[in-house]
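So the structure is just underneath, and the comments pick up after that.
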Amino acid sequence: MDMVNSDAVAFSIALVFIAAVITKVAWGRKTGDLAPSCNNALPRSPAVITGITSAILLLRMLRSKGLRATLEEQYTKFGSVFTISFFGMKITFLVGPEVSAHFYQGLQSEISHGKILEFTVPMFGKGVTNAVDSATRTEQIRFYVDALRPSKVRCHVAPMLQEVEEYFAKWGQQGTVDLKQELVQLLILISARCLLGKEVREKMFDEVFSAFDELTDNGLQLTSLLFPYAPTPTAQRRDRAHARIASIFTEIVRSRKSSNRVEEDVLQNLMDAKYKDGRPTTETEVTGLIISILFAAKHTSTTASTWIGARLLRHTECLDAALEEQQDIVKKHGDNIHYNTLLEMSFLHNCIKEALRMHPPIPISLRKVHKNFTVQTREGYEYEIPRGHTIASPLLINHNIPHIYKDPDVYDPHRFSHGREEDRVGGKFTYNSFGGGRHACPGEAYAYMQVKVIWSYLLRNFELKLVSSFPETDWLMIAPEPRGKVEVSYKRRMVPRNVLEN
């Protein structure tokens, strides 16, 4: 099987997988082909792609063109709002910022994840996130936001940098590495230090992350995703791993409280959090909340960091500009990396942002509709989205709309610079790599901070070159990542770092 066909098969499997998950929330009656209403004064019903023939054509298109091209073709044909009805499932795609506001800002009573994320309940625990009512979940999101706000995470720059320095001190004077694997290992160390605390980093690092790997590996198996409570061997291994992690963190929480010890880490912030009625978080809740943050860090930050490196090293003009920015900062502030210098790395920030535009951690976000609502397209047409539909915001299309992003297939960090700011062309939901509205990721500032620490250090200390070809995307992963190894050659800079001359 050639590369093109193997990619197409991966795309097909990914779409079928998404469809299988949402069957739990989107079953409905089969419908015939529908056309939009011709009355422009009234809300239209979305065009519906349905029937066995249409399904076969879509699958053929997936095999030959891939997921993005298939969805772009439907967008070109039907416009910003269209529905795919497949064996009773009705998935309505909302393409573009003009029709995305309710997707990101709608109340939980109107749209929600429904049962789509039910598989996370046994992984994170019954007292948090998708296992609790919307009011409790909203308060727990506030705990995340508070724990990861810039004023609190800025104290993590120094320990992040220490982990980075110690890790790359193990590299030789020159050599070749798999950048993806290196960044996975480094970001696990940073997570242990900044999220979980000294106890884990210094005493039980291997034990915690071994259990966490077992938890996620088994929790993300297809049987666990579709039937999370079935007594399968994978579910049993997942549950044992969760129990082991819960036991470790319960002991840490009790030890800190009994000794009145306070640490500067996210775990401590969650321990100190209180609900509006004054109730403190329980040990079970703290464990579930920290597991969910760690899950996000592992499955998004590591993948994003690798894409950023691959893009930078492929586009030497961007690499040179990023290095020049570091030179200017070193001349102005010296060689130390701290929170304020990170804020001045605007071009590196845009390099990260552009990589995430082209490789969003979650290519398609899903919600379940509980109450009918209307959207208005750029052309002024109104569509009514019915209760019971699953709505999809396809970032892999939204981030590549030509009238918003000039030459969207070109890696161009300057598109976010002052004067262009293409991420604002369509309003506040033009760029959504970290979500938006009620569903904005509270860890955005933390993610940018740790990636800047890593890449500013690498740029200052190493000459880097992408040895392998630019990686294809592995669409079978929950957070699509670069497929295979990302081989990079490195050579330590032999000039003083305060000069950074090539």
Side-chain angles (χ1 to χ4, degrees), residues 11-28 46 48-49 58 62 67-68 70-72 74-75 80-97 99-121 123-124 129-131 134 137 141 219-220 222 224-228 292 295-296 299-300 360-373 375 383 385-399 429 432-441 475-480:
F11 278 127
S12 300
I13 294 174
L15 187 63
V16 170
F17 167 75
I18 293 171
V21 173
I22 64 176
T23 56
K24 299 166 71 64
V25 294
W27 281 109
V48 180
I49 306 165
L58 279 177
L62 280 166
L67 180 58
R68 176 183 161 186
T70 299
L71 292 179
E72 283 181 333
Q74 310 314 308
Y75 167 52
S80 299
V81 184
F82 60 89
T83 299
I84 296 178
S85 181
F86 189 67
F87 292 111
M89 299 174 288
K90 297 181 180 66
I91 315 168
T92 296
F93 286 82
L94 305 176
V95 182
V99 296
S100 297
H102 195 70
F103 183 93
Y104 291 104
Q105 293 188 139
L107 298 173
Q108 286 283 333
S109 59
E110 299 173 345
I111 62 169
S112 72
H113 286 107
K115 298 293 184 179
I116 296 171
L117 299 178
E118 186 75 14
F119 71 93
T120 65
V121 173
M123 293 175 61
F124 302 159
T129 62
N130 299 291
S134 60
R137 183 163 57 249
I141 291 172
L220 296 177
L222 187 59
S224 297
L225 289 166
L226 298 179
F227 310 104
S292 66
F295 177 83
H299 288 281
T300 56
I362 302 177
I364 300 177
S365 295
L366 302 172
R367 305 277 190 271
K368 176 68 184 293
V369 180
H370 304 298
K371 182 180 179 181
N372 290 17
F373 68 95
V375 296
Y383 289 89
I385 312 303
R387 176 179 179 272
H389 278 217
T390 294
I391 49 176
S393 179
L395 267 63
L396 76 171
I397 308 299
N398 293 347
H399 285 179
F429 299 111
N432 296 300
S433 287
F434 287 93
R438 297 177 184 274
H439 303 281
C441 174
W475 291 96
L476 294 182
M477 304 300 293
I478 189 168

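Numbering starts at 1 and runs along the sequence shown.
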Could you grab the distance from atom [atom1] of [X] to atom [atom2] of [Y], nearest 0.5 Å is fine?
| X | Y | atom1 | atom2 | result |
| --- | --- | --- | --- | --- |
| Ile84 | His389 | CD1 | NE2 | 12.5 Å |
| Ile111 | Thr390 | CD1 | OG1 | 11.5 Å |
| Phe103 | Leu366 | CZ | CG | 6.5 Å |

(message) Glu110: which residues meet the side chain to side chain contact (heavy atoms under 4.5 Å, CB included) condition with it, sequence neighbours left out?
(response)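 Glu110 satisfies side chain to side chain contact (heavy atoms under 4.5 Å, CB included) with His102, Leu107, Lys371 only.
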(request) Let me see the working for His113 and Arg367 under side chain to side chain contact (heavy atoms under 4.5 Å, CB included), right down to the final yes or no. (result) CA-CA 5 Å; His113 286 107; Arg367 305 277 190 271; 3.1 Å; yes
Side chain to side chain, [X] and [Y], heavy atoms closer than 4.5 Å:
| X | Y | answer |
| --- | --- | --- |
| Phe119 | Leu220 | yes |
| Ile391 | Phe373 | yes |
| Ser134 | Ser112 | no |
| Tyr75 | Pro394 | no |
| Leu71 | Ile364 | yes |

(request) Please say which of Asn398, Leu94, Val95 ends up in a side chain to side chain contact (heavy atoms under 4.5 Å, CB included) with Ser393. (result)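 Running side chain to side chain contact (heavy atoms under 4.5 Å, CB included) over Asn398, Leu94, Val95 with Ser393 returns exactly one hit, Asn398.
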(request) For a side chain to side chain contact (heavy atoms under 4.5 Å, CB included) with Leu117, tell me which candidate from Asn130, Leu225, Thr129 qualifies. (result)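 When Asn130, Leu225, Thr129 are each tested with Leu117, the side chain to side chain contact (heavy atoms under 4.5 Å, CB included) holds only for Asn130.
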(message) Checking Phe434 now: which residues fulfil ring pair (Phe, Tyr, Trp, His ring centres under 6.0 Å) with it, not counting sequence neighbours?
(response)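 Partners of Phe434 under the ring pair (Phe, Tyr, Trp, His ring centres under 6.0 Å) test: Tyr448.
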(request) Using ring pair (Phe, Tyr, Trp, His ring centres under 6.0 Å) as the criterion, list what pairs up with Phe124, not counting sequence neighbours. (result)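 Counting only residues at least two positions away or on another chain, Phe124 forms a ring pair (Phe, Tyr, Trp, His ring centres under 6.0 Å) with Phe295.
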(request) Decide side chain to side chain contact (heavy atoms under 4.5 Å, CB included) for Gln105 and Phe429; before the verdict, give the C-alpha distance in whole Å, the side-chain angles of both, and the deciding distance to 0.1 Å. (result) CA-CA 10 Å; Gln105 293 188 139; Phe429 299 111; 3.5 Å; yes
(request) State, to 0.1 Å, how close Pro361 and Pro480 come at their nearest heavy-atom pair, and which atoms those are. (result)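 Heavy-atom minimum between the residues: O-CD, 3.6 Å.
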(message) So which atom in Ser85 and which in Lys90 form the shortest heavy-atom distance, rounded to 0.1 Å?
(response)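 Closest approach of Ser85 to Lys90: OG-CG, 4.1 Å.
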(message) With no hydrogens and no angle check, just 3.5 Å: does a side-chain donor-acceptor pair link Tyr383 and Thr92?
(response)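 Result is no, nothing qualifies.
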(request) Answer with yes or no whether the side chains of Arg387 and His370 bring together a donor and an acceptor at under 3.5 Å. (result)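 Looking only at side-chain atoms, Arg387 and His370 do not form any donor-acceptor pair under 3.5 Å.
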(request) Could you tell me whether a side-chain N or O of His399 sits under 3.5 Å from a main-chain N or O of Asn432, the two making a donor and an acceptor? (result)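 Yes; judged by distance alone, with no hydrogens or angles, the pair exists.
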